[in-house]
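All ligand and atom numbering here is 1-based and tracks the order in the structure. Keep in mind that this is a model prediction, so the values were computed, not measured.
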Amino acid sequence: MSAKAWGGRFAEKTDARVEAFTESISFDARLADVDIRGSQAHARMLAKVGLLTDDEAVLIVSALDEIRGEIGRGELPFRAELEDIHMHIESRLIERIGDVGRKLHTARSRNDQVSTDLRLYVREAIDRLDELLTNVQRAFVIRGETDAEVILPGYTHLQRAQPVMAVHYWLAYCEKFQRDRDRLADCRKRVNVSPLGCAALAGTSLPIDREETAKLLGFDTVAANSLDVSSDRDFLIETASCLALVAAHLSGWAEEWILWNTTEFGFLTLPDAFTTGSSIMPQKKNPDILELIRGKSARVMAAVPQLLILVKGLPLAYNRDLQEDKLALFAALDTLTACLELMPAIVTGATLNRDTIVARLEEGFLDATTLMEYLILRGVPMRTGHETVGKLVALAESRSCRLADLPLDDLQKACDVIDSAVYTVLGTENAVKALQSYGSGGRDAVTEQFAAWRERLTLP
Ligand code: ARG
């Protein structure tokens, strides 16, 4: 009998170059465990509907357990001629248990099988990513304890804008990663649908029970259209999109910390264990890890266009193009996982250089907006206040002093509603204290959010 599962109608042997060209075992071997679980559920269902005897199902299930062990120990040699992980497992099953093994693929095709495997794999990857993202959020909250008293300049256009509590920065990242987690959780609903039993494209004439396999595999629902689900890769593109957004968040954070770590900023010191040196300049301590997190985000994001281009223009239903989906998905998943695994140690290990920060906080008129709001509270129209403060900034700049250093006389000359209480809003400390709206970077608002995050992340 032919070595190929589909060899019956072929007279000629497949060209070895074709086998090398068409194989996917070199990248789908990691689906072995989910493939075996899918096959075991399928065998149990076949026994339930009478397409296998109970004894046959038990034999298949236990042989598959043994094959899982063999693969885990590297005892199953991978061969291009067997194409993919599905055929490797099935042919090994037949080697081990003979004719009973030849019944496993009843009412199933590799088209619904590979989709089932991928859905199980992605479902677990999403659960793992949720854990990793939670760890990153926790790291930001943990470092919030240390930095509770620190004020940082907030920037727009990378120009100093208004002061905020440092913790406001850390919680900004918690918010972003929370949206990432929520998006993944929502995407998981569309991942967790069972394609099994759709067979090649049309379903089957055999009396299968798709609800049963879905239940055994923990799927929430059963896909209702065999043509659709056997070719659907929306769930991968959606997952990749979620990953791409996480990567965008990581990359932005990495860039910010790379800047803060420069001599020019001097706000942050990265831990030695998470930086590297230069082979020629002995003094260098480079933020290569952050640069690679920023750089590797390209590989994660690239999966989205890669998958979209892959499915664009494919007619229903399965086409072999779809085999390429795993390359994009796994590259994105592996890369993002590696970045997220490294992050918490960097987040908690870095230190804010408080002296440098304090010494520089009074540069750049971070209290100008609060001064304008002080005028508004005294009845000055916003646009007028804006202009008045603009003039005072120019005046202070010409004298190389802070707004808080301007004498009351000069302030009152600019606007007569100003009295000595103005000095309680001038200066960075006062300016950050004055911020009080919900969600602001002011002390009270941040303290409130910090407590909420501790609770949400179940930190003591
Ligand atoms: N190796 C294939 C893949 O990963 C499995 C499905 C093959 N199906 C087929 N009809 N040739 O997509």
Margin query: Within ligand 1, which atoms have a heavy atom of Lys326 less than 4.0 Å away?
Written below: 3 (C), 4 (O), 12 (O)

Check: Counting each atom of ligand 1 from 1 as listed, which ones have a heavy atom of Gln323 under 4.0 Å away?
Finding: 1 (N), 2 (C), 3 (C), 4 (O), 12 (O)

Notebook entry, point to check: Is the distance between the ring centroids of Phe265 and Tyr155 less than 6.0 Å?
Noted result: yes

Next item on the list: Could you tell me how the ring of Phe140 sits relative to the ring of Tyr173: parallel (under 30°), tilted (30 to 60°) or perpendicular (over 60°)?
Entry: parallel

Next item on the list: Just jot down the ligand 1 atoms closer than 4.0 angstrom to any heavy atom of Glu83, in number order.
Entry: 1 (N)

Check: Looking only at protein heavy atoms, which one is nearest to atom 7 (C) of ligand 1, and how far off is it?
Finding: Tyr318 OH, 3.6 Å

Check: Is the Trp257 ring parallel, tilted or perpendicular to the Trp253 ring (thresholds 30°, 60°)?
Finding: tilted

Notebook entry, point to check: Within 45° of the ring axis of Tyr318 and under 6.0 Å from its six-membered ring centre, is that where the NZ or CZ of Arg110 lies?
Noted result: no

Check: Which ligand 1 atoms are under 4.0 Å away from a heavy-atom of Asp84?
Finding: 1 (N), 2 (C), 5 (C)

Margin query: Checking a contact table here: which protein heavy atom is nearest atom 11 (N) of ligand 1, and how many Å away?
Written below: Arg110 NH2, 3.7 Å

Note to self: Run the side-chain contact (heavy atoms from CB on, under 4.5 Å) test on Glu23 and Asp84 for me, step by step, so that the C-alpha distance in whole Å, both residues' side-chain angles and the decisive distance to 0.1 Å come before the verdict.
What the structure shows: CA-CA 6 Å; Glu23 64 85 22; Asp84 56 26; over 6 Å; no

Next item on the list: Starting from atom 10 (N) of ligand 1, find the nearest protein heavy-atom neighbour and note its residue, name and distance.
Entry: Asn111 OD1, 3.2 Å

Check: Numbering the atoms of ligand 1 from 1, which are under 4.0 Å from a heavy atom of Ser24?
Finding: 1 (N)

Check: Just wondering, do Ser115 and Asp232 contact through their side chains at under 4.5 Å, heavy atoms?
Finding: no

